[in-house]
Trainee: 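Pasting a structure below so you can have a look.
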There are 2 protein chains.
Amino acid sequence: MHYSIRQVSEQTDLSEHALRFYEKEGLLPPIERSPSGIRRYSDEDMECLNLICCLKNTGMSIRQIKTFMELCAKGPETLKARCEMLREHKGAVEAQIEEMNRHLIKVTHKISCFTAQYEEYRDGCNKGMSD
Amino acid sequence: MHYSIRQVSEQTDLSEHALRFYEKEGLLPPIERSPSGIRRYSDEDMECLNLICCLKNTGMSIRQIKTFMELCAKGPETLKARCEMLREHKGAVEAQIEEMNRHLIKVTHKISCFTAQYEEYRDGCNKGMSD
DNA sequence: ATAAACCTTCACGTTAACTCTAAGTCAACC
DNA sequence: GGTTGACTTAGAGTTAACGTGAAGGTTTAT
């Protein structure tokens, strides 16, 4: 099966602009063309894009994704390096999530502070207004 | 107690530029000045900055922080709105973390795939090399 | 008195990730 | 043959957030 850039754009939530951009930047291998130069994405290309989106969604930069995809293109002797890169990336993302959680605790604390202040203030306003 | 901009910069990990910038942008109330115009940060200002950093660390934009701090400056009748804003922000951050975790699962899966491929490849290379 | 630390204003820088423009090609239909 | 519309290219422009830098002047500390 082959797909036009429009179809790929719809399936991946990447704009056609972005797809050409990724190809130009070397994130994707050069896409097969029809005799008249029109891109024909293969299922293999779709898998690459799936992986790219996965990395992108976890905040990997275009530059790093490029490095990773270049390893992919070099064949199986880079499999170990790829595993290492992914594991490192995973660690970084996990660290980021942990940091977020730590900061979130502070926000939660602030919410308690403001909530307590609010209740105090509200009760102050209502003083002697009941019965 | 009062602090110079330098001291505050060191305590908060914000540059002096950033401190002036935040004040200009209205994230901070106008800071008290010495007769000659030099900023003297109070403990209250430090608390504001603490809150600002807290929001900033969880990814709140400068614009939103400004909105929040303006509410703070308006006094206790905005306490409820402030609580709501913080809770909403917290929800957004939590959602973001959840999304990250979802994406991370995919990365983990990819790692398994590559690891399996790598082991297969490595074993293939070593075929007949033992005994 | 001299050097560090502070002040203001305004323009400019940085990074990332596109996105748009202009000019052109190609295939199909009328 | 002409028009439409989807595609191509290279390269410039955009957006957004977040400051940073430089110039030029004042104040404070030793």
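Just so you know, these numbers use all the heavy atoms, side chains as well, and skip hydrogens, waters and symmetry mates. So that the names make sense, note that chain A is the first sequence line, chain B the second, and so on, each numbered from 1.
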Trainee: Let me confirm one number: the SG-CG distance from B/Cys54 to B/Leu49, rounded to the nearest 0.5 Å.
Mentor: 12.5 Å

Trainee: For A/Glu32, enumerate each residue passing the side chain to side chain donor-acceptor pair (under 3.5 Å) test, keeping only those at least two apart in sequence or located in another chain.
Mentor: A/His2

Trainee: Just grab all the side-chain hydrogen bond (donor to acceptor under 3.5 Å, both in side chains) pairs involving residues 48-61 of chain B, residues at least two apart or on different chains.
Mentor: B/Thr58-B/His89

Trainee: For B/Glu98, give me all partners under side chain to side chain contact (heavy atoms under 4.5 Å, CB included), at least two apart in sequence or on another chain.
Mentor: B/Arg102

Trainee: Tell me what A/Arg40 touches on the nucleic acid: a base, only sugar-phosphate, or nothing, going by heavy atoms under 4.0 Å.
Mentor: nothing

Trainee: Nearest nucleotide by nearest heavy atom, which residue falls closer to the 5' end of DNA chain C, B/Glu16 or B/Lys24?
Mentor: B/Glu16

Trainee: Verify, without hydrogens or angle tests, whether A/Gln7 (side chain) and A/Ser4 (backbone) share a donor-acceptor contact under 3.5 angstrom.
Mentor: yes

Trainee: Give the table of side-chain donor-acceptor pairs shorter than 3.5 Å for residues 35-45 of chain A, with sequence neighbours excluded, one pair per line with atom names and distance.
Mentor:
| unit_1 | atom_1 | unit_2 | atom_2 | d |
| --- | --- | --- | --- | --- |
| A/Ser36 | OG | A/Ser34 | OG | 3.1 |
| A/Arg39 | NE | A/Glu23 | OE1 | 2.6 |
| A/Ser42 | OG | A/Glu44 | N | 3.3 |
| A/Ser42 | OG | A/Asp45 | N | 3.1 |
| A/Ser42 | OG | A/Asp45 | OD2 | 3.1 |
| A/Asp43 | OD1 | A/Tyr3 | OH | 2.7 |
| A/Asp45 | OD2 | A/Ser42 | N | 2.9 |

Trainee: Does C/dA17 have its OP1 or OP2 closer than 4.0 Å to a side-chain nitrogen or oxygen of A/Ser61?
Mentor: no

Trainee: Under the side chain to side chain contact (heavy atoms under 4.5 Å, CB included) test, which residues partner B/Phe21, sequence neighbours left out?
Mentor: B/Glu25

Trainee: Indicate the atoms forming the closest heavy-atom contact of B/Leu19 with B/Leu28, along with that distance.
Mentor: O-CD1, 4.2 Å

Trainee: Which whole-number value in Å describes the distance from B/Arg20 CZ to C/dA5 P?
Mentor: 13 Å

Trainee: Should the heavy atoms of other residues, nucleotides or ligands under 6.0 Å from CD of B/Glu88 be counted, would the total exceed 12?
Mentor: no

Trainee: Hey, could you give me the CG/CD distance between A/Leu14 and A/Gln11, rounded to the nearest 0.5 Å?
Mentor: 11.0 Å

Trainee: Give me the residues of residues 92-101 of chain A where at least one heavy atom lies under 4.0 Å from an atom of DNA chain C, by number, or none.
Mentor: none

Trainee: Determine the contact category for A/Arg63: base if any of its heavy atoms lies under 4.0 Å from a base atom, sugar-phosphate if only primed atoms, P, OP1 or OP2 are that close, otherwise nothing.
Mentor: nothing

Trainee: Can you tell me the distance, in whole Å, between the CD atom of A/Glu23 and the C1' atom of C/dT19?
Mentor: 17 Å

Trainee: For each nucleotide in nucleotides 21-30 of chain C, reading 5' to 3', give B when a protein heavy atom comes within less than 4.0 Å of its base, S when such contact involves only the sugar-phosphate, and - otherwise.
Mentor: -----SS---

Trainee: Could you measure the distance from the CG atom of A/Leu71 to the CE atom of A/Met85? Nearest 0.5 Å is fine.
Mentor: 6.5 Å

Trainee: Does C/dA17 have OP1 or OP2 under 4.0 Å away from a side-chain N or O of A/Tyr22?
Mentor: no

Trainee: What are the 5'-most and 3'-most nucleotides of DNA chain D lying under 4.0 Å from any heavy atom of chain A?
Mentor: D/dC7 to D/dG11

Trainee: Side chains of residues 111-124 of chain B: which donor-acceptor pairs under 3.5 Å do they make with residues two or more places apart or in other chains?
Mentor:
| unit_1 | atom_1 | unit_2 | atom_2 | d |
| --- | --- | --- | --- | --- |
| B/Ser112 | OG | B/Thr108 | O | 3.1 |
| B/Thr115 | OG1 | B/Ile111 | O | 2.7 |

Trainee: For B/Glu16, which residues count as a side chain to side chain contact (heavy atoms under 4.5 Å, CB included) partner, sequence neighbours excluded?
Mentor: B/Ile5, B/Arg6, B/Ser9, B/Arg20

Trainee: Rounding to a whole Å, what distance do you find between B/Gln7:CD and C/dC6:P?
Mentor: 8 Å

Trainee: Take the protein atom NE2 of B/His2 and the nucleotide atom C1' of C/dA5, then report the distance between them rounded to whole Å.
Mentor: 19 Å

Trainee: So which of residues 47-60 of chain A are in contact with DNA chain C, with a heavy-atom cut-off of under 4.0 Å?
Mentor: A/Lys56

Trainee: Show me the pairs that pass side-chain hydrogen bond (donor to acceptor under 3.5 Å, both in side chains) and involve residues 63-81 of chain A, at least two apart or across chains.
Mentor: A/Thr78-A/Arg82

Trainee: Which nucleotide in the list C/dT19, C/dC6, C/dA17 gets nearest to the side chain of A/Ile62?
Mentor: C/dA17

Trainee: What is the distance from CD1 of B/Ile5 to C1' of C/dC7, rounded to the nearest Å?
Mentor: 9 Å

